[in-house]
Amino acid sequence: MIVNGSPVDGPPPRPGQCLRTYLRSLGHFGVKKGCDTGDCGACTVHVDGVPVHSCVYPAFRASDRSITTIEGLGAGGDMHPVQQRFLEAQGFQCGFCTAGYIMTAAALPSGLDRARALKGSLCRCTGYRAIADALDGVCNVDPARPGHAVGAGVGAPAGPVIVTGAERYTFDLDIPGLLHLKVVRSPHAHARIRSIDTSAASAVPGVRLVLTHHDVPATLYSTAQHEHASEDPADTRLLDDTVRFAGQRVAAVVASSEAAAEEGCRALRVEWEVLPAVFDPVAAMAPGAPLLHGDTNVVGRLRDELGDVAAGFAAGAAEFEAVFRTPRVQHAALETHGSVGWLDDDGRLVVRSSTQTPFLTRRALCRVLDLPPSAVRVLTGRVGGGFGGKQEMLTEDLVALAVLRTGSPVKWEFTRAEQFTAATTRHAFTVRLRAAAAADGTLTAMDLEAVSDTGAYGNHGPAVLFHGCHESLAVYRCPNKRTDAHAVYTNTVPAGAFRGYGLGQVSFAVESVLDELARALFLDPITFRERNVVRPGEPLTAPGDHADDLTIASYGLDQCLSHLRSHAAPRPSTPPSSSSVPPSPPAPSGVVIGGGALSDGSGRGAEAPSGWLVGEGMAIAMIAAGPPGGHFADAVATLRPDGTYELAVGTAEFGNGSTTVHAQIAADALGTTPDRITIRQSDTDVVPHDTGAFASTGVVVAGKAVLHAARALRVQILDASGGTDLTADAVTDGPTLKELAARTPHPLRAEGHWAGSPRSVAFNAHWFRIAVDPRTGELRILSSVHSADAGTVMNPLQIRGQIEGGVAQAIGAALSEHVDINPEGHVTTAGFRQYHLPTFADIPRTEVHLADTDDTIGPLGAKSMSESPFNPVAPALANALRDATGIRFTDPPFTRDRIWLALSRHADHP
Ligand code: FES
C-alpha cells in the first residue's frame, strides 16, 4: 500500500480492519471518525484518486493501491487549491469535518451536482454556507491592521492546521501501551443488579481490568458541570447497582485492544431484577408512579405569579391557548464524547478530554475520586463540536479511575451509537400557554405551564427549566404573568445542556401563541411585537426570576424588528384603532453581511412552484449574556523573549471562535496583530480557574478577562520602557520589545479576571417565506432572514458563521430531527442514517443582519451570540406554516408526512 506517495512501513492491516483505523494507526490523524457507518464523510480519503469513506472500506482492499489522505493532498509543501479555498473562505468552525470535505471536493469532477455529491458529508457547525463559499472560491477573510483587529473578519489562528489535517483533536496522538475502555450498557430501562459475574470477562486475553459497582467510590455527583455544583442534583454514581435508563453503563472492561475490551463486555454476566419504569413525565408526576430517585420524580419546580393573571385575562379582547410539544434532539457533534488519561512523570493524573469545561471536570474528578486538585491535570486538544453537550462528564471519571487502577494510559471514545443512546439530548418540553391581549394589541396576561423531561438523571434539568421559562417571557412587558413548571425524571436517556438552554422550547410556544393573537387582532406580527417588547430602561421580569444582575446594557431589538419589516409583506388586515399605537420605528440601521438569493445549486429558487401554498412568519428571542450566579474567567498575557506575546486562557475552542476573538482583543489592546499572539488554552496547568466555554461566555466573560490582562500588560510595557510606547514599533518584527524583554529581570506578565456579572441581554429575530406542496407536504424555504443584536461585532465572519450554524441546527430540529424512544425505553434513532441531520442541500442561505449597538458591560461593547440564533427559528417556521396552510402546527419536527397528514385532515374538516 502506498500512502501519500510512500510505501507503508508498518504491520499489515488486521483481519477485518477498516481503512480508517489502519491509516490512523500509521499516524494519519487527519482521517477522522464521525460515525463508522459511512454516513458523515469525516474519514474520506482517496483510493487511486477516488474518494471513499474509509470507515466502511476494508483496509485489505487498499493493498497495492495508492492512498491519499488530507496530509498528502498538497504538493511540494504547498496546499492543494481546495485547501487554500477552505482557508480563504474559512469554510469550517470546529474543523472536524473539514478534511473530509476537502478530500471529497478535491475529487469532484467539475459540473457535478454539488448537492448530490455532498450527500454523504455532514457538517454540524457551519450551516454549509461557508463550505459553499469555499467551493466557489470566495475569500471571506480580512487582513488585520495593527491595533485594529476587532471588527475585522480575521481568520481562525488554527485555520492552516485545520485545512491540512495537522490540527490535533482529543484522540489525535500516539500513546505507547494505550489500553482501551469499553462499557456494558443496560438492556433495561429500570432494573436492579442482583449479581454480576466478571470471571469470564477477566479471563479474556488482553483484559486488564473489570470495574463494577463493587469497585467504585459511592460518591454521588452530577455529570453536569456548572460553576455552582449545587445547581444540579447529585444523583449519579460512577457505576450503580440500579440502572434507570436503557443504555446506562453497568460495568467497564479495560483491555489491550478495543476488540478484547468488547469481548470482555460480551463475557460479563449480569442477573437482573427488572423494575417498573415510567417514560412519560406527566405520568411520572402522578401518585404511584415508579420512583427513580428519592420520594418524588420532580427534580425542579417553578411556580410564581406576577401581577394578577385572572384580571389580565378579563381585560383581554382576544386570547389564545394551545399545547406545544418539542421533542428530544441530539447535539450530533461530529467528534463524539471521549477522553484519554495517563500518569505523567510525577505520577499526576492527566486527562485529555473532549470537554467544554476542563476546570470544572478537574474539580468533579477530584471530588469523585477524592484527589487534591494538585494531583489532577485536565486539558483539551481542539474539540470537535460541543453545542453544550460537552458540558458533561460522561467519560472522564471512568477513564481516570482505570488509569489509577492500572497505572497505564487508558482511552475511551464513544461510538456514534453510544452518542445517541447514552449521551445527553435537548430536553423534551410540553408547554401549555394561554395569553390574552387588549384590542390595541397590548398583552394583558400570559399563563405558562411547562413540563420538561430530564430523563433518568437530573443534570441541567432545573437550570434548563428556569432559563427556558425566563427570557422567553421577560422579553415581553406584559404585567400579568404566571408560570407553573416542572422538570421530571423518567426512565429515559438523560437530557442536558443544548444550544439555547430551554429557550428554544418555551419560545416556540410563546411565539406561536403571540402569532395567533396578532392574527385575531388583525395586526401584523411585527407590529404586535413592537407594541409589547421590553424597552431600554425597563426591568426584565418573569415569574420566579433571580436575575438581579440582568440589565439591558444595549438595545437593538427595535433595529432587528425594523429589518424584518423591510422583508415582510404587509399582512391583509382590518386596522385596529391606532390612537395608542406608537409610531413605526426608523428604517433599519446596522449591517447586512450576506445571504440573499437561495439558489445554491440545489435547484431551489426564491419563487414558489405553481400550485404551492406560500406563507411568511417571524419570531423573536432574548437571551442573557451569560448564566446567573457568576461565570469566572482568568487570562494571563506575557511578553515573550522574542518580542511577541503569549496569551493563556482557560476556555476550550470547539468551533465557537473564541480563540480568534481573544487574539483580536489582545492584539488591539497591545497595538499589534493577532498573528503575534500565541494562545495557550483549556489546560488546568496553564491558568487559574475558568468556569468554561458555555452559555455564550467565550467573548463576554473570557474575552473581558483577556482584555484586562492585555491592557495590564501594555501598562507594564510602558512602565518598563520609561513611558515610551514600544508596542507599535514592534508590529513587524518586534526588535524593540525583544530588547525590552531581554533587559527586564522577570518576564513582563499580567493577569486579567472577570466574574461574569452584571449581565446584559442579546436579541435575535428571524423571518421566513416558505412554500408548501399541498399534494406531498413538502416544505421549501424561499427566503430566510435573521437579524441579531450582539453589540459590537468583534468579527463579522465568525458571528455570521455562528448565526448560520445556529439557524441550520434549528431548521434541522424544526423539520427533520428527533430522537425516537420505543415503548421499552430504547433509543431507536441510534445512527446518522436514522436520525436525519440536514445536509448541504437542505439548508438555505440566510441573510444575516447585525444591529448597530454598543454594550456598556461587554468587552469593547460586545454581547453573546453563539447559542441564541437557534431560538426564534422553529417558531418563525411554524408561523410561516400557519400563514401558508391555515393550520397551527404545535409539535415539531414538521416532516413532510406530518404536514401532508395535517393538510389532508384540514381539507376533510376545515
Ligand atoms: Fe463541520 Fe464542525 S466544522 S462539523
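Just follow the structure's listing: the first ligand is 1, and inside any ligand the first atom is 1.
Note: His631 and Phe694 meet the aromatic proximity criterion, with ring centroids under 6.0 Å apart.
Side chain of His80 to backbone of Val82: a donor-acceptor contact under 3.5 angstrom is found.
The count of protein N, O or S atoms under 2.8 Å from atom 2 (Fe) of ligand 1 stands at 2, with waters excluded from the count.
Note on residues 130-139: pairs passing salt bridge (Lys or Arg N to Asp or Glu O under 4.0 Å), not counting sequence neighbours, are Arg114-Asp136, Arg129-Asp133, Asp133-Arg845.
Judged by the 6.0 Å and 45° rule, Arg24 forms no cation-pi pair with Phe171.
Here Asp39 pairs with Cys35, Thr37, Phe832, Arg833 under the side chain to side chain contact (heavy atoms under 4.5 Å, CB included) rule; sequence neighbours left out. A search for ring pair (Phe, Tyr, Trp, His ring centres under 6.0 Å) contacts involving Tyr22 returns nothing, not counting sequence neighbours.
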